[in-house]
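Heads up: the structure comes next, in C-alpha cells.
Below, all heavy atoms of this structure are taken into account, side chains as well, without hydrogens, waters or symmetry copies. Since the structure is predicted, the reported quantities are computational estimates derived from the model, not experimental observations. Both counts, for ligands and for their atoms, begin at 1 and track the order of listing.
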Amino acid sequence: MTNRLRLGVNVDHVATVRNARGVGYPDPVRAALLACEAGADGITAHLREDRRHIRDEDMRRLKEVLPVPLNFEMAPTDAMVEIASATAPHAVCLVPERREELTTEGGLDAAGLGSALGSRVEALAAAGIRVSLFVEPAPEQLHAAVALGAPVVELHTGRYCELVGRERQAELERIHAAAALASELGLECHAGHGLTYDNVGPIAAIGTVVELNIGHFLVGEAIFVGFVEAVRRMRAAMDRSR
Ligand code: PXP
C-alpha cells in the first residue's frame, strides 16, 4: 500500500430512516461512532436546506462527540455559513442544492458562481474551517477552485458510477486527468458519490486522491451485514486497490 486513502463515512441516510417515522432512532450519531470503530477517518453529514435527513441538532452532537474530523456538507448560502461557523467542523464541503433533487445531482459550478461563492469560501476560511468544493472532474472547475481560494476539491464520481462499458471508462479517464491537474494546481483532491464495493477500486487506485466520502451504499449494506462490517469491507476494498 502506498499513501493511505482516507475514508469519510456519510451518515445522512441513517437520519433518512429515522425521519421516515418521525421518531428518535436510528441515531446517525451512534452510526458515526460505529463507523469510527470500524476504521472511518472522518464523518461526513449534509445539512440540507429542507432538513430532509440531518438536522441542526445532529450536527451539533456530531461535533461534540466525534473522535475524528467532521466534514459538514452544505449549500453555499449565508444561512449555512452562519450555522457552519457556529458549529466549527474541521471541514466544509460546498455542494449545489436543489430542493426537488433526490441527491446532489451535479457538481458545484465554481467557474460560473464566481464571487458569490468566493465570499462564502472566504468567510468559512476566516472561521478556521477547511473548505472543499464538490465539482465535476472538469479543468475549468479546478482552475476556479484555485481562483476562489478553496484548498480542496471533491470530484463528483456519480456519472462514473452510473455509466457502463466504454462510457464509464471515458469518465474514469476524466477523473484521472482532473486528479492529476488538481495535484499540479496544489489542490487536495477528494472524490465521492455513488461508490460501492464494486466500483470503488479504480477510484481508490488514483494516487493523488487522498479521501473518499461514501454513504448511501454503506447504510444499505448495513441492513445485511451491520454498519461496522459494511465500513470494514469498504475500507478493505479501498486498501486492496491502493
Ligand atoms: N460527497 C458529496 C459531496 C455528497 O454530496 C455525497 C452525497 O451526500 C457523497 C459524497 C456521498 O455519496 P453517496 O451517499 O452516494 O455515497
message = Does Asn19 form a side-chain hydrogen bond (donor to acceptor under 3.5 Å, both in side chains) with Arg51? I'd like the steps, not just the answer.
response = CA-CA 10 Å; Asn19 298 356; Arg51 307 300 197 268; over 6 Å; no
key: Under 4.0 Å to a heavy atom of Asn213 - the qualifying atoms of ligand 1, by number   = 10 (C), 11 (C)
ask   = Do you know which two heavy atoms are closest between Leu5 and Asp41, and how far apart they sit?
value = O-OD2, 4.1 Å
Ile54 and its side-chain contact (heavy atoms from CB on, under 4.5 Å) partner, picked from Met59, His13, Glu73, Arg48 = Met59
ask   = By number and element, which atoms of ligand 1 are closer than 4.0 Å to a non-hydrogen atom of Asn10?
value = 8 (O)
ask   = Hey, which atoms in ligand 1 end up nearer than 4.0 Å to a heavy atom of Ile214?
value = 16 (O)
query = Would you say Glu73 has any N or O atom under 3.5 Å from an N or O of ligand 1, going by distance alone?
reply = yes
task = Measure His156 to ligand 1 on non-hydrogen atoms and call it side chain, backbone, both or neither using the 4.0 Å cut-off.
result = neither
task = Inspect the contact between Asp239 and Arg235 and indicate whether a charged nitrogen and a carboxylate oxygen are less than 4.0 angstrom apart.
result = yes
key: Proximity winner for atom 15 (O) of ligand 1, if only heavy atoms of Gly192, Gly194, Gly158 are counted   = Gly194
Donor + acceptor pair across side chains of Glu211, Asn213 (<3.5 Å) = yes
request  = Below 4.0 angstrom from a heavy atom of His216, which ligand 1 atoms are there? Numbered from 1 as shown, please.
outcome  = 13 (P), 14 (O), 16 (O)
request  = Answer yes or no on whether Arg18 is positioned over the face of Tyr25, meaning its NZ or CZ is under 6.0 Å from the six-membered ring centre and within 45° of the axis.
outcome  = no
ask   = Using a distance-only test with no angle check, is there a side-chain donor-acceptor pair under 3.5 angstrom linking Thr44 and Asn71?
value = yes
task = Under 4.0 Å, heavy atoms only, figure out whether ligand 1 is touched by the backbone of Val95, its side chain, both or neither.
result = side chain
Gly215, any N or O under 3.5 Å of ligand 1 N or O = yes
ask   = For atom 6 (C) of ligand 1, which candidate among His193, Met234, Glu97, Glu211 holds the nearest heavy atom?
value = His193
key: Linked, directly or transitively: Val228 and Val200 (ILVMFWY side chains, under 4.5 Å)   = yes
inquiry  = So if I count the atoms of ligand 1 from 1 in the order they appear, which ones are less than 4.0 Å from some heavy atom of Glu154?
reply    = 1 (N), 2 (C), 3 (C), 10 (C)
